[in-house]
Number of protein chains: 2
Amino acid sequence: MQIGSQTLAPLVRKLSLHAPLSQEDQAALLALPHAVRNLELGQYILREGDVPTHSCLVVSGFAIRHKITGNGGRQIVNIHLSGDMVDLQNSLLTTADHNVQALSRMSAAFLPREAIVELGFSRPAVGKALWLETLVEGSISREWITNVGRRDAQTRVAHLLCEFAYRLDAVGIGPECNYELPMTQEQLADSVGLTPVHVNRTLKALDAAGLTKRSRKSVVITDLQKLAETGDFRSTYLHLPPHALPKHHQ
Amino acid sequence: MQIGSQTLAPLVRKLSLHAPLSQEDQAALLALPHAVRNLELGQYILREGDVPTHSCLVVSGFAIRHKITGNGGRQIVNIHLSGDMVDLQNSLLTTADHNVQALSRMSAAFLPREAIVELGFSRPAVGKALWLETLVEGSISREWITNVGRRDAQTRVAHLLCEFAYRLDAVGIGPECNYELPMTQEQLADSVGLTPVHVNRTLKALDAAGLTKRSRKSVVITDLQKLAETGDFRSTYLHLPPHALPKHHQ
DNA sequence: CGTGTTTTTGACTTCAGTCAATTAAAGTGG
DNA sequence: CCACTTTAATTGACTGAAGTCAAAAACACG
């Protein structure tokens, strides 16, 4: 258990995105008690039915949240990047209603729930920032419902790829609009409610159209502008501060 | 603008569901400044792009939140019952990324956003209750993603109907497991990502199987137990307190 | 190098969408 | 209370996007 290191810097970075935090607020965040763990690809951070005591911050790498349906289908409901608090969702709920799993090798910081909640209420600026994070996540969820419910395969996949581009850019990963996505086609499929086979064909089409370039287990976006058109993507729902947006997309 | 009436009672009821609120907290909630408005069926409460200044509490009736895709499709991303705060979602976000519309004639209370936020931080119990509401909504959104992304038509529709049953029961509307749902088939379709025509056929099938009984613009659930099986429905994700669940489903 | 993923491809199936016409309410105004 | 309009539900025939199955190819890694 560490106190006061710089491990939590990505959290401060993320929370300051919308409204600046005072030095004291930042210090208080960095001083949160936490334990860092390195997780292997595929390792579960939380399983449906668990009663979590800690929230988890993604320090590096990727994590997904997913649900399993009665007939064995899997639906990924969220993907978390560096700086994301994966488990604020469960911070006040007793029983986890979904699974959280490492999408890659990753490093995560585990923070006791009460410490976070306490800090949120003792420092309103921090509390608001945390709340805002939750709200943005809700917004993303709504967009995902729309994506999966009302868009065709091509559009869906393109949309997801765009979301990634913007979110990765916002946390400062990846050069310009040329991003790499370390997801298998099966995982992409589970994110957009399609089969892996169909995702494969869809990616091939995007590739042929010159919007992406693929290699194994990853996708590179070559033309974000056109991809956004194809994907019916407008970034408003991400509620990113203006300066964080890729330039050519104001 | 009223102060201190009983109009906000449904809010207190809802927020007390998980953890009891002290008399003072309840009084503070009831004392929130607010304006009551009666809305016609179909009237917009908020449009995408608006910058809201007030949050809206559903006093009676139903409201929906929906998004419109580039090709004109509509996806309903949430349905709100009496006692729901429709717009906490936007309370800290500047620009609304979706529409809110009255599903029926309804009565709504509009509360200034700052008043709510302030109260949330000055009274941690209230703040936690509000936060919890937000989290439960997030949980429902995740289930919707799953529903739309990984379940077939029959299951999807059955699942939605079950969710209604439980949520209506939790706020004390409707006798036992015999509920009426004032939604058109088109609205149902937009909630589960299907076409109205297919929803019609699906409802017909559920009817034939003896799980529901339909009349115009409404559905009555006759066998909640079986409907839950058909709909791959387990109520955990609603995070309802135990006592609020229909008995036969513990 | 062999073993296990992940990706790719092709042939075939199916669930849900589309189109279009019909029926049944629910209002509405005279 | 009745014609008249409108909105919602229903039905049937046909289409099509995405799923299924199964096998082959391409990597990644020990």
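In what follows, chains carry the letters A, B, and so on, assigned in the order in which the sequence lines appear, proteins first and then strands, with residues in each chain numbered from 1. Note that the structure is predicted; figures quoted are calculated from it, not measured.
- A heavy-atom distance below 4.5 Å is not found between the side chains of B:Thr134 and B:Met85.
- The 5' end of DNA chain D is approached more closely, in terms of each residue's nearest nucleotide, by B:Glu186 than by the other of B:Glu186 and A:Thr195.
- Look at B:Lys204 and you won't find any side-chain N or O under 4.0 angstrom from OP1 or OP2 of D:dA9.
- Across C:dG17, D:dT11, D:dA9, the shortest atom-to-atom separation from the side chain of B:Val197 is found for D:dT11.
- When rounded to the nearest whole Å, the span between CZ of B:Arg151 and C1' of C:dC15 equals 18 Å.
- Put simply, CG on A:Asp207 is 13 Å from C1' on C:dT7, counting in whole angstrom units.
- One atom, CG of B:Leu41, and another, C1' of D:dT7, lie 11 Å apart when rounded to the nearest Å.
- For the pair B:Met183 and B:Arg150, nearest-nucleotide mapping onto DNA chain D gives the more 5' position to B:Met183.
- Counted by atom type alone, B:His239 and A:Asp97 present one or more donor-acceptor pairs between their side chains at under 3.5 Å.
- Rounding to whole angstrom units, CZ of residue A:Arg156 and P of D:dA18 are separated by 7 Å.
- B:Thr212 pairs by the side chain to side chain donor-acceptor pair (under 3.5 Å) definition with B:Asp207, not counting sequence neighbours.
- Summarising the geometry, the separation between CZ on B:Arg105 and C1' on C:dG27 is reported as 13 Å, rounded to the nearest angstrom.
- Regarding B:Asp190, its CG atom lies at a distance of 11 Å from the P atom of C:dG17, rounded to whole Å.
- If A:Thr184 and B:Ala153 are placed on DNA chain C by their nearest nucleotide, the residue sitting closer to the 5' end is A:Thr184.
- Evaluation of atom-type donor-acceptor distances gives no pair under 3.5 Å for the side chain of A:Arg214 against the base of C:dT6.
- The base of C:dT7 does not come close enough to the side chain of A:Arg216 for any donor and acceptor atom to sit less than 3.5 Å apart.
- Distances from the side chain of A:Arg201 to the nucleotides C:dT9, D:dA18, C:dT7 place C:dT9 closest.
- Backbone-only contact: A:Gly193 has heavy atoms under 4.0 Å from sugar-phosphate atoms and none from a base.
- Salt bridge status for B:Arg142 with B:Glu137: absent, with no side-chain N to carboxylate O gap under 4.0 Å.
- Of the side-chain N and O atoms in A:Gln185, one or more sit less than 4.0 angstrom from OP1 or OP2 of C:dT8.
- Side-chain N/O atoms of A:Asn200 include none lying less than 4.0 angstrom from OP1 or OP2 on C:dT7.
- Protein atom CG of A:Leu194 is 10 Å distant from nucleotide atom C1' of D:dG19, rounded to whole Å.
- Computed from coordinates, the A:His198 NE2 to C:dT8 P distance equals 15 Å when rounded to whole Å.
- Aromatic ring orientation, B:Tyr237 versus B:His159: parallel (interplanar angle below 30°, classes split at 30° and 60°).
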